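Notes follow the structure.
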Amino acid sequence: MAIEINGKSVETDEEGYLVNLADWDEDIAGVLAQQENVALTDQHWEVINFLRDYYNEFQIAPAVRVLTKAIGKKLGPEKGNSQYLYELFPYGPAKQACKIAGLPKPTGCV
Amino acid sequence: MTIKKFMFVNRKAPYGTVYALESLEVVLIAAAFEQDVSLAFMDDGVYQLKKGHQTKGIEMKGFEKTYGALEDYDVTKLYVDSDSLAARGLTADDLCVPVEVMSRAELGKMMEDQDVVLSF
Amino acid sequence: MLHIVNKSPLDRPSLDAVLQTAEAGAILLIEDGVYAATKGSAGEAKLKSAGGKFKLYALAPDLEARGVADRVMDGVTAVDYAGFVDLVAEHKASQSWL
(Lines give C-alpha, C1' and ligand atoms only; values in the text may rest on other atoms or scores of the structure.)
Protein backbone atom coordinates (compact mmCIF):
# COMPACT_ATOMS: atom_id res chain seq x y z
CA MET A 1 0.00 0.00 0.00
CA ALA A 2 1.05 3.57 -0.41
CA ILE A 3 -0.12 7.05 0.44
CA GLU A 4 0.20 9.91 -2.01
CA ILE A 5 1.30 13.24 -0.62
CA ASN A 6 2.85 16.39 -2.08
CA GLY A 7 3.47 14.55 -5.33
CA LYS A 8 5.35 11.70 -3.60
CA SER A 9 4.31 8.16 -2.92
CA VAL A 10 5.10 6.83 0.56
CA GLU A 11 4.99 3.11 1.18
CA THR A 12 2.98 1.59 4.05
CA ASP A 13 2.49 -2.01 5.15
CA GLU A 14 -0.81 -3.90 5.05
CA GLU A 15 -1.82 -2.43 8.43
CA GLY A 16 -0.98 1.13 7.40
CA TYR A 17 2.35 1.55 9.23
CA LEU A 18 5.13 3.35 7.34
CA VAL A 19 7.64 0.96 5.83
CA ASN A 20 10.53 3.45 6.01
CA LEU A 21 10.66 5.44 9.22
CA ALA A 22 12.72 8.10 7.48
CA ASP A 23 9.77 8.94 5.19
CA TRP A 24 7.86 10.52 8.08
CA ASP A 25 7.14 14.21 8.33
CA GLU A 26 4.33 16.27 9.83
CA ASP A 27 2.32 16.29 6.57
CA ILE A 28 2.44 12.51 6.43
CA ALA A 29 1.36 12.39 10.07
CA GLY A 30 -1.65 14.48 9.00
CA VAL A 31 -2.62 11.99 6.30
CA LEU A 32 -2.11 9.00 8.61
CA ALA A 33 -4.24 10.71 11.27
CA GLN A 34 -6.99 11.38 8.73
CA GLN A 35 -7.05 7.69 7.80
CA GLU A 36 -7.49 6.91 11.50
CA ASN A 37 -10.22 9.57 11.86
CA VAL A 38 -8.15 11.46 14.39
CA ALA A 39 -8.15 15.28 14.27
CA LEU A 40 -4.70 16.28 15.50
CA THR A 41 -4.54 18.82 18.34
CA ASP A 42 -1.59 20.05 20.42
CA GLN A 43 -2.35 17.27 22.90
CA HIS A 44 -1.99 14.68 20.14
CA TRP A 45 1.26 16.20 18.95
CA GLU A 46 2.63 16.09 22.48
CA VAL A 47 2.15 12.31 22.53
CA ILE A 48 3.40 11.86 18.95
CA ASN A 49 6.56 13.82 19.66
CA PHE A 50 7.05 11.94 22.91
CA LEU A 51 6.85 8.63 21.01
CA ARG A 52 9.34 9.79 18.39
CA ASP A 53 11.78 10.89 21.09
CA TYR A 54 11.32 7.57 22.88
CA TYR A 55 12.01 5.70 19.66
CA ASN A 56 15.13 7.73 18.96
CA GLU A 57 16.43 7.05 22.43
CA PHE A 58 15.60 3.33 22.76
CA GLN A 59 14.91 2.14 19.18
CA ILE A 60 11.53 0.69 20.12
CA ALA A 61 7.91 1.79 20.28
CA PRO A 62 6.92 1.27 23.93
CA ALA A 63 4.09 -0.98 25.13
CA VAL A 64 0.99 0.85 26.43
CA ARG A 65 1.82 0.33 30.09
CA VAL A 66 5.34 1.64 29.57
CA LEU A 67 4.12 4.57 27.49
CA THR A 68 1.57 5.56 30.13
CA LYS A 69 4.15 5.46 32.90
CA ALA A 70 6.79 7.33 30.89
CA ILE A 71 4.35 10.04 29.83
CA GLY A 72 3.26 10.45 33.45
CA LYS A 73 6.87 10.97 34.42
CA LYS A 74 7.49 13.56 31.72
CA LEU A 75 4.15 15.35 31.23
CA GLY A 76 2.45 14.82 34.59
CA PRO A 77 -0.03 12.32 36.07
CA GLU A 78 -3.08 13.98 34.46
CA LYS A 79 -1.66 12.87 31.11
CA GLY A 80 0.03 9.67 32.20
CA ASN A 81 -3.13 7.61 32.46
CA SER A 82 -4.83 5.40 29.95
CA GLN A 83 -8.14 7.28 30.03
CA TYR A 84 -6.48 10.48 28.77
CA LEU A 85 -4.49 8.61 26.13
CA TYR A 86 -7.49 6.59 24.89
CA GLU A 87 -9.52 9.79 24.57
CA LEU A 88 -6.86 11.12 22.22
CA PHE A 89 -6.33 7.83 20.38
CA PRO A 90 -9.49 5.72 20.73
CA TYR A 91 -8.04 2.62 19.03
CA GLY A 92 -5.18 2.43 21.49
CA PRO A 93 -2.48 4.97 22.26
CA ALA A 94 0.39 2.68 21.41
CA LYS A 95 -1.08 1.25 18.25
CA GLN A 96 -2.77 4.32 16.77
CA ALA A 97 -0.36 6.99 18.02
CA CYS A 98 2.65 4.96 16.88
CA LYS A 99 1.18 4.64 13.42
CA ILE A 100 0.64 8.40 13.14
CA ALA A 101 4.13 9.00 14.56
CA GLY A 102 5.55 6.86 11.76
CA LEU A 103 6.88 4.17 14.11
CA PRO A 104 6.57 0.41 13.77
CA LYS A 105 3.86 -1.42 15.68
CA PRO A 106 4.89 -1.72 19.32
CA THR A 107 6.57 -4.98 20.27
CA GLY A 108 4.10 -7.21 22.08
CA CYS A 109 1.10 -5.56 20.46
CA VAL A 110 -1.06 -8.13 18.66
CA MET B 1 -3.02 -13.51 35.41
CA THR B 2 -0.63 -15.66 37.41
CA ILE B 3 2.82 -14.16 37.49
CA LYS B 4 5.53 -16.61 36.55
CA LYS B 5 9.26 -16.34 36.89
CA PHE B 6 10.78 -16.17 33.40
CA MET B 7 14.51 -16.30 32.82
CA PHE B 8 16.01 -15.55 29.42
CA VAL B 9 19.45 -17.08 28.99
CA ASN B 10 21.52 -15.27 26.36
CA ARG B 11 24.59 -17.06 25.04
CA LYS B 12 25.13 -15.63 21.54
CA ALA B 13 26.96 -12.56 20.31
CA PRO B 14 24.81 -9.84 18.71
CA TYR B 15 24.51 -9.25 14.91
CA GLY B 16 26.29 -12.43 13.75
CA THR B 17 23.07 -14.35 14.37
CA VAL B 18 19.52 -13.20 15.06
CA TYR B 19 19.27 -14.78 18.54
CA ALA B 20 20.16 -11.69 20.57
CA LEU B 21 17.56 -9.48 18.90
CA GLU B 22 14.88 -12.19 19.02
CA SER B 23 15.54 -12.69 22.72
CA LEU B 24 15.25 -8.99 23.43
CA GLU B 25 11.89 -8.83 21.64
CA VAL B 26 10.47 -11.78 23.58
CA VAL B 27 11.79 -10.22 26.81
CA LEU B 28 9.86 -7.03 26.07
CA ILE B 29 6.71 -9.01 25.28
CA ALA B 30 6.98 -11.04 28.49
CA ALA B 31 7.62 -7.86 30.46
CA ALA B 32 4.65 -6.10 28.84
CA PHE B 33 2.52 -8.95 30.22
CA GLU B 34 3.90 -8.09 33.66
CA GLN B 35 5.74 -11.31 34.27
CA ASP B 36 8.69 -11.63 36.65
CA VAL B 37 11.48 -11.41 34.09
CA SER B 38 15.21 -11.86 34.60
CA LEU B 39 18.01 -12.00 32.04
CA ALA B 40 21.18 -14.05 32.23
CA PHE B 41 24.16 -13.33 29.98
CA MET B 42 26.86 -15.95 29.64
CA ASP B 43 29.42 -17.17 27.09
CA ASP B 44 29.31 -14.95 23.97
CA GLY B 45 26.01 -13.52 25.24
CA VAL B 46 27.98 -11.05 27.36
CA TYR B 47 29.01 -9.35 24.10
CA GLN B 48 25.39 -8.21 23.65
CA LEU B 49 25.91 -5.67 26.43
CA LYS B 50 29.32 -4.38 25.28
CA LYS B 51 29.08 -0.58 25.06
CA GLY B 52 29.48 1.35 21.83
CA HIS B 53 27.74 -0.55 19.02
CA GLN B 54 28.03 1.41 15.74
CA THR B 55 26.06 -0.60 13.20
CA LYS B 56 25.90 1.89 10.33
CA GLY B 57 28.73 0.15 8.46
CA ILE B 58 27.04 -3.26 8.46
CA GLU B 59 23.65 -1.72 7.60
CA MET B 60 21.79 -3.44 10.42
CA LYS B 61 19.58 -1.87 13.06
CA GLY B 62 21.59 -1.51 16.26
CA PHE B 63 19.81 -2.54 19.45
CA GLU B 64 22.23 -1.56 22.20
CA LYS B 65 19.98 1.39 23.07
CA THR B 66 17.00 -0.90 23.60
CA TYR B 67 18.67 -2.52 26.64
CA GLY B 68 18.32 0.95 28.18
CA ALA B 69 14.52 0.67 27.93
CA LEU B 70 14.41 -2.51 30.03
CA GLU B 71 14.16 -0.44 33.18
CA ASP B 72 10.94 1.20 31.87
CA TYR B 73 9.59 -2.33 31.44
CA ASP B 74 10.54 -3.07 35.09
CA VAL B 75 13.17 -5.54 33.95
CA THR B 76 16.02 -4.84 36.34
CA LYS B 77 17.38 -8.31 37.07
CA LEU B 78 20.31 -8.64 34.70
CA TYR B 79 22.85 -11.27 35.67
CA VAL B 80 26.24 -11.70 33.99
CA ASP B 81 28.68 -14.58 34.36
CA SER B 82 32.04 -13.32 35.59
CA ASP B 83 34.13 -16.04 33.90
CA SER B 84 32.55 -15.25 30.53
CA LEU B 85 33.49 -11.59 30.93
CA ALA B 86 37.06 -12.44 31.94
CA ALA B 87 37.62 -14.81 29.01
CA ARG B 88 36.69 -11.95 26.69
CA GLY B 89 38.82 -9.26 28.30
CA LEU B 90 35.72 -7.45 29.58
CA THR B 91 34.58 -6.07 32.94
CA ALA B 92 31.21 -4.74 34.14
CA ASP B 93 32.47 -1.22 33.26
CA ASP B 94 32.47 -2.21 29.57
CA LEU B 95 28.72 -2.88 29.63
CA CYS B 96 25.95 -0.50 28.55
CA VAL B 97 23.57 -1.14 31.47
CA PRO B 98 23.96 -1.90 35.20
CA VAL B 99 24.21 -5.64 35.87
CA GLU B 100 24.93 -8.03 38.70
CA VAL B 101 28.08 -10.04 38.04
CA MET B 102 28.15 -13.54 39.53
CA SER B 103 29.66 -16.99 39.16
CA ARG B 104 28.31 -19.68 36.84
CA ALA B 105 27.32 -21.74 39.86
CA GLU B 106 25.21 -18.88 41.18
CA LEU B 107 23.59 -18.48 37.75
CA GLY B 108 22.85 -22.21 37.77
CA LYS B 109 21.02 -21.84 41.08
CA MET B 110 19.00 -18.91 39.71
CA MET B 111 17.91 -21.10 36.78
CA GLU B 112 16.65 -23.79 39.17
CA ASP B 113 14.47 -21.16 40.79
CA GLN B 114 12.51 -20.30 37.59
CA ASP B 115 9.11 -21.41 36.29
CA VAL B 116 10.20 -20.93 32.67
CA VAL B 117 13.69 -20.74 31.19
CA LEU B 118 14.10 -19.65 27.58
CA SER B 119 17.50 -20.10 26.00
CA PHE B 120 18.79 -18.01 23.11
CA MET C 1 45.93 -18.37 0.84
CA LEU C 2 43.47 -16.03 2.53
CA HIS C 3 41.58 -17.69 5.38
CA ILE C 4 38.27 -16.03 6.25
CA VAL C 5 36.78 -16.71 9.68
CA ASN C 6 33.29 -15.48 10.58
CA LYS C 7 32.65 -17.33 13.86
CA SER C 8 33.47 -16.25 17.38
CA PRO C 9 36.56 -18.12 18.66
CA LEU C 10 34.85 -19.03 21.94
CA ASP C 11 31.67 -20.27 20.32
CA ARG C 12 32.98 -22.36 17.41
CA PRO C 13 36.31 -24.00 16.62
CA SER C 14 36.66 -22.38 13.15
CA LEU C 15 39.68 -20.26 14.09
CA ASP C 16 41.30 -23.24 15.85
CA ALA C 17 40.80 -25.26 12.67
CA VAL C 18 42.64 -22.65 10.62
CA LEU C 19 45.49 -22.38 13.10
CA GLN C 20 45.87 -26.17 13.24
CA THR C 21 45.65 -26.66 9.48
CA ALA C 22 47.40 -23.81 7.72
CA GLU C 23 51.11 -23.05 7.87
CA ALA C 24 51.14 -19.48 6.57
CA GLY C 25 49.13 -16.89 4.68
CA ALA C 26 46.61 -14.34 5.83
CA ILE C 27 43.62 -14.55 8.16
CA LEU C 28 40.73 -12.15 7.73
CA LEU C 29 38.31 -11.99 10.65
CA ILE C 30 34.76 -10.93 9.79
CA GLU C 31 31.32 -10.89 11.53
CA ASP C 32 31.56 -12.60 14.95
CA GLY C 33 35.08 -13.71 13.98
CA VAL C 34 36.38 -10.23 14.83
CA TYR C 35 36.07 -10.95 18.56
CA ALA C 36 39.26 -13.04 18.23
CA ALA C 37 41.21 -9.83 17.65
CA THR C 38 40.13 -8.11 20.89
CA LYS C 39 42.69 -7.33 23.57
CA GLY C 40 42.59 -9.43 26.70
CA SER C 41 40.39 -12.14 25.16
CA ALA C 42 41.02 -15.85 24.77
CA GLY C 43 40.97 -15.30 21.00
CA GLU C 44 43.91 -12.90 21.26
CA ALA C 45 45.87 -15.61 23.05
CA LYS C 46 45.15 -18.07 20.24
CA LEU C 47 46.30 -15.61 17.58
CA LYS C 48 49.43 -14.74 19.55
CA SER C 49 50.32 -18.41 19.94
CA ALA C 50 50.32 -18.71 16.14
CA GLY C 51 53.52 -16.67 16.49
CA GLY C 52 53.40 -14.38 13.50
CA LYS C 53 52.90 -17.12 10.92
CA PHE C 54 49.92 -15.23 9.52
CA LYS C 55 49.14 -11.71 8.43
CA LEU C 56 46.09 -10.73 10.43
CA TYR C 57 43.18 -8.57 9.30
CA ALA C 58 39.78 -7.72 10.77
CA LEU C 59 36.81 -6.09 9.05
CA ALA C 60 36.31 -2.59 10.49
CA PRO C 61 32.50 -2.32 10.07
CA ASP C 62 32.10 -5.58 12.03
CA LEU C 63 34.44 -4.32 14.78
CA GLU C 64 32.46 -1.07 14.99
CA ALA C 65 29.07 -2.79 15.07
CA ARG C 66 30.18 -4.83 18.07
CA GLY C 67 31.70 -1.89 19.93
CA VAL C 68 35.23 -3.34 19.87
CA ALA C 69 36.96 -1.17 17.23
CA ASP C 70 38.93 0.60 19.99
CA ARG C 71 40.38 -2.57 21.50
CA VAL C 72 41.97 -4.39 18.60
CA MET C 73 45.16 -6.27 19.55
CA ASP C 74 48.54 -5.28 18.16
CA GLY C 75 49.46 -6.91 14.86
CA VAL C 76 45.94 -6.87 13.41
CA THR C 77 45.11 -4.49 10.58
CA ALA C 78 41.54 -3.23 10.30
CA VAL C 79 40.23 -3.11 6.73
CA ASP C 80 37.02 -1.76 5.18
CA TYR C 81 34.93 -3.53 2.52
CA ALA C 82 37.22 -2.26 -0.25
CA GLY C 83 40.17 -3.67 1.69
CA PHE C 84 38.33 -7.00 1.92
CA VAL C 85 38.02 -7.06 -1.87
CA ASP C 86 41.71 -6.16 -2.26
CA LEU C 87 42.72 -9.03 0.03
CA VAL C 88 40.69 -11.52 -1.97
CA ALA C 89 42.19 -10.17 -5.21
CA GLU C 90 45.78 -10.27 -3.84
CA HIS C 91 45.62 -13.92 -2.81
CA LYS C 92 45.67 -16.80 -5.23
CA ALA C 93 42.85 -18.46 -3.33
CA SER C 94 40.64 -17.77 -0.40
CA GLN C 95 38.80 -20.09 1.90
CA SER C 96 35.84 -19.35 4.17
CA TRP C 97 35.97 -21.53 7.29
CA LEU C 98 32.24 -21.71 8.05
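Since the structure is predicted, the reported quantities are computational estimates derived from the model, not experimental observations. Chain naming here is simple, since letters A, B, ... match the order of the sequence lines and numbering starts at 1 in each.
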Could you show, one pair per line, the donor-acceptor contacts under 3.5 Å between chain C and chain B?
unit_1: C:Ser8; atom_1: OG; unit_2: B:Asp44; atom_2: OD1; d: 3.4
unit_1: C:Ser8; atom_1: OG; unit_2: B:Asp44; atom_2: OD2; d: 2.4
unit_1: C:Gly40; atom_1: O; unit_2: B:Gly89; atom_2: N; d: 3.2
unit_1: C:Ala42; atom_1: N; unit_2: B:Ala87; atom_2: O; d: 2.8
unit_1: C:Glu64; atom_1: O; unit_2: B:Gln54; atom_2: N; d: 2.8
unit_1: C:Ala65; atom_1: N; unit_2: B:Gln54; atom_2: O; d: 3.2
unit_1: C:Gly67; atom_1: O; unit_2: B:Lys50; atom_2: NZ; d: 2.8
unit_1: C:Arg71; atom_1: NH1; unit_2: B:Gly89; atom_2: O; d: 3.4
unit_1: C:Arg71; atom_1: NH2; unit_2: B:Asp94; atom_2: OD1; d: 2.7
unit_1: C:Tyr81; atom_1: OH; unit_2: B:Gly57; atom_2: O; d: 3.3

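- In this structure, the separation between CG on C:Leu10 and CG on C:Leu15 is 10.0 Å, given to the nearest 0.5 Å.
- Minimum interatomic distance between C:Phe84 and C:Val79 (heavy atoms only, all atoms of both residues): N-CG2, 4.2 Å.
- C:Lys92 has its side chain out of reach of C:Met1: every pair of non-hydrogen atoms, C-beta onward, lies at least 4.5 Å apart.
- Atoms CG and CD1, on C:Leu63 and C:Ile30 in that order, are 11.5 Å from each other to the nearest 0.5 Å.
- Looking only at heavy-atom pairs under 4.5 Å with chain C, the residue among B:Cys96, B:Gly62, B:Ala86, B:Ala13 that has the most is B:Ala13.
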Pair B:Phe41, B:Val99 - check side-chain contact (heavy atoms from CB on, under 4.5 Å), show working.
CA-CA 10 Å; B:Phe41 295 87; B:Val99 301; 5.6 Å; no
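- In this structure, CG on C:Leu29 lies 6.0 Å from CG on C:Leu47, to the nearest 0.5 angstrom.
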